[in-house]
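Naming: A, B, ... by sequence-line order, numbering from 1 per chain. Everything numeric in this text was worked out from a predicted model, so none of it was measured.
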Amino acid sequence: MSLKLHNSLTGQKEHFEPQNPDNVTLYVCGPTVYNYIHIGNGRSAANYDLLFRVLNALYPKVTYARNFTDVDDKINAAAKDEGVDISVFAEKYMQAYDEDMAKLGNLEPTIVPRATEHIGDIITTIEALIERGHAYAADGHVLFAVDSFDDYGKLSKRNTEDMIAGARVEVASYKKNPMDFVLWKPSSDDLPGWDSPWGRGRPGWHIECTAMIQKHLGETIDIHGGGTDLLFPHHENELAQGTCCSDHSGGYAKYWVHNAMLDIEGEKMSKSLGNFIVLRDILNEQPPELIRLALLTAHYRSNMNWSEQLLHQSRSLLDRLYTIKRDGDALITTDIDIRDTEFFAMLLDDLNTPKAFANLHELTTRFFKAESDDERAALKSEIHAIADFIGVMQMDAQAWFQGTSDDSALSADAIEALLEERVAAKEAKDFARADEIRDQLAAEGIQIKDTREGTLWSRDS
RNA sequence: GGCGCGAUGGCAGAGUGGUCAUGCAGCGGACUGCAACUCCGUGUACGCCGGUUCGAUUCCGACUCGCGCCUCCA
């Protein structure tokens, strides 16, 4: 039983072999905290949470670090716009991020390091790079010398000459090579700054990840993850720094994993198109499990399209799962090891969630067709193991179907009263009245289902 | 322009050198007082052109189209 992962470094699916199976290390680039995160960030987070869960099922210990970049020019600019203190501003969005993650059902990473708490480590890393001839100070800045690293461009598969030729940005005078990137830059008095050998300043964009990795996870990590948009320049630069800042034979990261982007109804999400979905908004509008499931149904390396149809399909599966949870109440289930399921075996193939969910669908259909309670119980046990593993079907079935009523909706008591009246009407063979009640409920968004044990109802949403 | 990725049935989306993906929607049926739920049945799918092969949606090459990155971005 082993995991296969697509490694961006080689462009191929490879067998995952950790350096130390007793402590697997995973680092994922977290948010720069200057706003609430959007649904695409949520997708990325859910995908890496799934990877974390898979690794946890395979290895006794997994150290998963996901950072907060809480010093950045975008934060400075946004805080200034709002007239809020920068650290207060960043703190607000870090807290919001934690809330969003919890609501989405993501497990907490082992470590959540913050850039501002690692300024000393960042300076140490920069000093090491200078000492080793890979970085130089100029004009209060410190820059990484791209020419000092032969493999620069290896990860994103591009060469520096082409990039310089196609560059559209002006090259700062203090750069020796136009591709050199900033490790440290000077801060004016109104900006966050820390004392350093190069004067008061703040770190550049990429260095914080490298410093935090070296500090918490070691010189060579097993898996480094992030969105494909980070491949260049962020990860390329990290790879350069991380490789050059110390002597390590294993390289900076053994496997680079990149998730694809998300579109909304076929269009790129953007504020100007008015199709921007803030994760916390949609988590308030829809059941969080629905959002989580929908985000996981696409393969992480494929572009995914967020649409009404996707939500409809995901809801359909969740309804089936909760129907099993509700109707299979009397069945005696047993604990099943997720590693013994076909579902898990499919995830081992580079997190093939579409294939895994096809398997889940088959299990639900087999459950409904099963002819014996033993068979149903076995299937329900397997379905529960899967649902628990991916973090859905965690609600009470009644709560899932009946939802929480807002003020304008019909109360549960009122619904029950109408249903009682309907039962009476049916007994009196007054089907016209019975149908009238059903139509009335339907108009209020209540669907009903007659069973031998009585009438069940659920809310649309 | 450079680098990379992709093109599968109405839609979404796996996969395979020669029998089924799967889901949603549609249609027909069973169940039901009628419904809903559930079940059963149902659809000449693999961008275009060459090549390899006994045989290609699957391998190779060209072409067309789409997407991502190259600047902040998951």
Side-chain angles (χ1 to χ4, degrees), chain A residues 6 8 11 28-32 34-35 37-48 72-74 77 153 155-170 179 205 225-236 258-263 266 268-270 279 294-295 297-305 307-317 319-320 323-324 326-327 346 349 352-362 364-370 401 425-427 429-432 434-435 438-439 441-442 446-451 455-458:
Chain A
H6 179 92
S8 305
V28 176
C29 287
T32 297
Y34 65 102
N35 211 333
I37 61 166
H38 55 67
I39 184 81
N41 298 293
R43 179 194 184 189
S44 177
N47 281 146
Y48 290 111
D72 181 275
D73 288 350
K74 286 196 297 293
L155 176 63
S156 56
K157 295 171 183 59
R158 50 190 85 200
N159 68 66
T160 51
E161 282 172 27
D162 287 345
M163 285 187 281
I164 293 165
R168 280 175 264 162
V169 280
E170 270 185 56
M179 294 311 297
W205 174 28
T228 51
D229 52 349
L230 294 180
L231 202 52
F232 187 87
H234 187 238
H235 288 164
E236 192 68 59
H258 290 96
N259 62 280
M261 305 290 101
L262 175 149
D263 289 338
K268 187 173 168 127
M269 176 166 55
S270 75
L279 181 63
L295 288 173
T297 49
H299 183 81
Y300 78 94
R301 282 193 292 114
S302 294
N303 219 52
M304 99 175 276
N305 186 29
S307 64
E308 279 303 319
Q309 195 203 30
L310 172 69
L311 286 177
H312 175 76
Q313 289 184 206
S314 302
R315 178 180 294 278
S316 160
L317 175 57
D319 279 344
R320 283 171 77 82
T323 299
I324 290 169
R326 181 182 63 190
D327 297 354
M346 288 160 177
D349 184 11
N352 193 339
T353 48
K355 198 174 179 186
F357 281 114
N359 170 254
L360 218 205
H361 269 111
E362 278 171 32
T364 62
T365 300
R366 277 169 55 200
F367 175 90
F368 289 119
K369 285 162 67 170
F401 287 114
K426 279 172 60 174
E427 278 173 4
K429 298 267 191 268
D430 181 359
F431 295 121
D435 289 351
R438 186 172 60 206
D439 291 345
L441 288 169
I446 311 296
Q447 302 303 325
I448 63 174
K449 175 190 171 190
D450 291 330
T451 71
T455 302
L456 299 169
W457 59 274
S458 60

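- Distance check on atom P: B/A7 versus B/C48 gives 13 Å, rounded to whole Å.
- Comparing the same atom, P, in B/C49 and in B/U64 gives a spacing of 15 Å after rounding to whole Å.
- Annotation: side-chain hydrogen bond (donor to acceptor under 3.5 Å, both in side chains) contacts of A/Asn47 (sequence neighbours excluded): none.
- Taking atom P on both B/A21 and B/U44, the two are 13 Å apart, rounded to the nearest angstrom.
- Counting heavy atoms of neighbouring residues, nucleotides and ligands inside a 6.0 Å radius, atom CZ of A/Arg366 does not exceed 12 of them.
- Ranked by how close their nearest RNA chain B nucleotide is to the 5' end, A/His38 and A/Glu362 are led by A/Glu362.
- Contact check, A/Lys268 against B/G66: no side-chain N or O comes under 4.0 Å of OP1 or OP2.
- Nucleotide B/C67 has B/G4 as its partner under the Watson-Crick or G-U criteria, with both atom distances under 3.5 Å.
- A distance of about 13 Å separates the P atoms of B/U16 and B/C60, rounded to the whole Å.
- In this structure, A/Met261 places its CE atom 19 Å from P of B/G4, rounding to the nearest Å.
- Computed from coordinates, the A/Leu360 CG to B/U22 P distance equals 15 Å when rounded to whole Å.
- Close to B/A25, at under 4.0 Å from its OP1 or OP2, lies a side-chain N or O of A/His312.
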Atom pairs under 3.5 Å: protein N/O with N/O of nucleotides 12-16 of chain B:
residue	atom	partner	partner atom	Å
B/A14	OP1	A/Ser302	OG	3.3
B/A14	O3'	A/Asn352	ND2	3.2
B/G15	OP1	A/Asn352	ND2	3.3

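- Shown here are the ring pair (Phe, Tyr, Trp, His ring centres under 6.0 Å) partners of A/Tyr48, two or more places apart in sequence or in another chain: there are none.
- Distance NE2 (A/His258) to C1' (B/C3): 15 Å, rounded to an integer number of Å.
- The P atoms of B/C46 and B/A12 are separated by 16 Å, rounded to the nearest whole Å.
- A donor and an acceptor atom, one from each side chain of A/Arg301 and A/Thr228, are nowhere located under 3.5 Å apart.
- With a cut-off of 3.5 Å on both Watson-Crick or G-U wobble distances, the partner of B/G43 is given as none.
- Distance check on atom C1': B/G55 versus B/G43 gives 26 Å, rounded to whole Å.
- One can place NE2 of A/His234 at 13 Å from P of B/C70, the figure rounded to the nearest angstrom.
- One atom, NE2 of A/His235, and another, P of B/C70, lie 13 Å apart when rounded to the nearest Å.
- Straight-line distance between the P atoms of B/G47 and B/G13: roughly 15 Å, to the nearest whole Å.
- In this structure, CG of A/Asp73 is placed 17 Å from P of B/U71, rounded to the nearest angstrom.
- Here the P atom of nucleotide B/A74 and the CZ atom of A/Phe232 are 17 Å apart, to the nearest Å.
- Comparing B/G50 with B/U57, their P atoms sit 13 Å apart, to the nearest whole Å.
- Residues that satisfy the side-chain contact (heavy atoms from CB on, under 4.5 Å) test with A/Ala45, not counting sequence neighbours, are A/Tyr97, A/Met101, A/Asn106.
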B/S/- contact track for nucleotides 31-38 of chain B, protein heavy atom under 4.0 Å: --BBBBBS
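- Under the Watson-Crick or G-U wobble criterion, with both distances below 3.5 Å, B/G61 is paired with B/C49.
- Nucleotide B/C24 has B/G10 as its partner under the Watson-Crick or G-U criteria, with both atom distances under 3.5 Å.
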Tabulate protein N/O versus nucleotide N/O from nucleotides 5-7 of chain B, keeping only pairs under 3.5 Å, one per line.
none

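- Residue A/Asn259 contributes atom CG, which lies 15 Å from atom P of B/G68 at whole-angstrom precision.
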